[in-house]
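Down below is the structure, laid out as structure tokens.
Just so you know, residue 1 is the first one in the sequence shown, and it goes up from there.
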Amino acid sequence: MKFLAIMGHEETRPQVRELFRKFDVLMFSSMSIKGCFCDKGVTSQAWWPSDKGIGSYSSMCFAILEDHKADDIMAELEHQPIAIEPGFPARAFLMNVEKMV
């Protein structure tokens with residue numbers, strides 16, 4: 001079994017969901033997250049319009065799935081990245097699941 005997480009701009013969430021459906025991943029989760037480009041020494045949270053380091057709103061969709069499905073999805077993302085902005089495609093993270101109870 002594998003743990004697959006795909007993180008991208010909030011607007012990519014429907015495309016990521018469709019990718020999971022395409023490969024028959026019937027159960028997955030998603031959550032909204034806020035990324036931060038933090039400079040060294042910054043201790044306060046960036047807040048528009050007062051700070052320069054405005055966070056990036058993203059989403060992460062993830063699932064625990066069979067090895068072959070995870071490999072197929074990773075290959076699809078390499079071949080056809082999901083991106084709203086071409087320079088910032090969704091990122092995928094694949095990890096082995098050692099144990100489930």
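For the residue pair M7 and F93, the shortest heavy atom distance occurs at CB-CE1, 4.2 Å. When all heavy atoms are compared, the tightest approach of P89 to P86 is CD-O, 3.9 Å. Closest approach of A63 and V25 over heavy atoms only: CB-CG1, 3.9 Å. In terms of heavy-atom proximity, I6 sits nearest to A90 at CG2-CB, 3.9 Å.
Formation of a donor-acceptor pair under 3.5 Å by the K2 side chain with backbone atoms of I64 is not found in this model.
Distance check: I73 CD1 to L19 CG gives 5.0 Å after rounding to the nearest 0.5 Å. Taken to the nearest 0.5 Å, the CG atom of D67 stands 11.5 Å off from the CG atom of L4. One finds the NE2 atom of H9 at 6.5 Å from the OG atom of S58 (value rounded to the nearest 0.5 Å). In this structure, CG in L26 is found 6.0 Å from NZ in K69, a value given to the nearest 0.5 Å. One distance of note links CZ of R13 with CE of M60; it measures 10.5 Å at 0.5 Å rounding. Rounding to the nearest 0.5 angstrom, the gap separating the CE atom in M31 from the SG atom in C61 is 9.5 Å.
H79 NE2: 12 or fewer foreign heavy atoms inside a 6.0 Å radius. Residue-environment remark: CD (E98) stays at or below the threshold of 12 foreign heavy atoms within 6.0 Å.
At a threshold of 4.5 Å between side-chain heavy atoms, the hydrophobic network of Ile, Leu, Val, Met, Phe, Trp and Tyr places M74 and V97 in two separate groups. Under the 4.5 Å side-chain contact rule for hydrophobic residues, L65 and M100 do not share a cluster.
Proximity of the aromatic rings of F28 and F62 is defined here by a centroid distance below 6.0 angstrom, and this criterion is not met.
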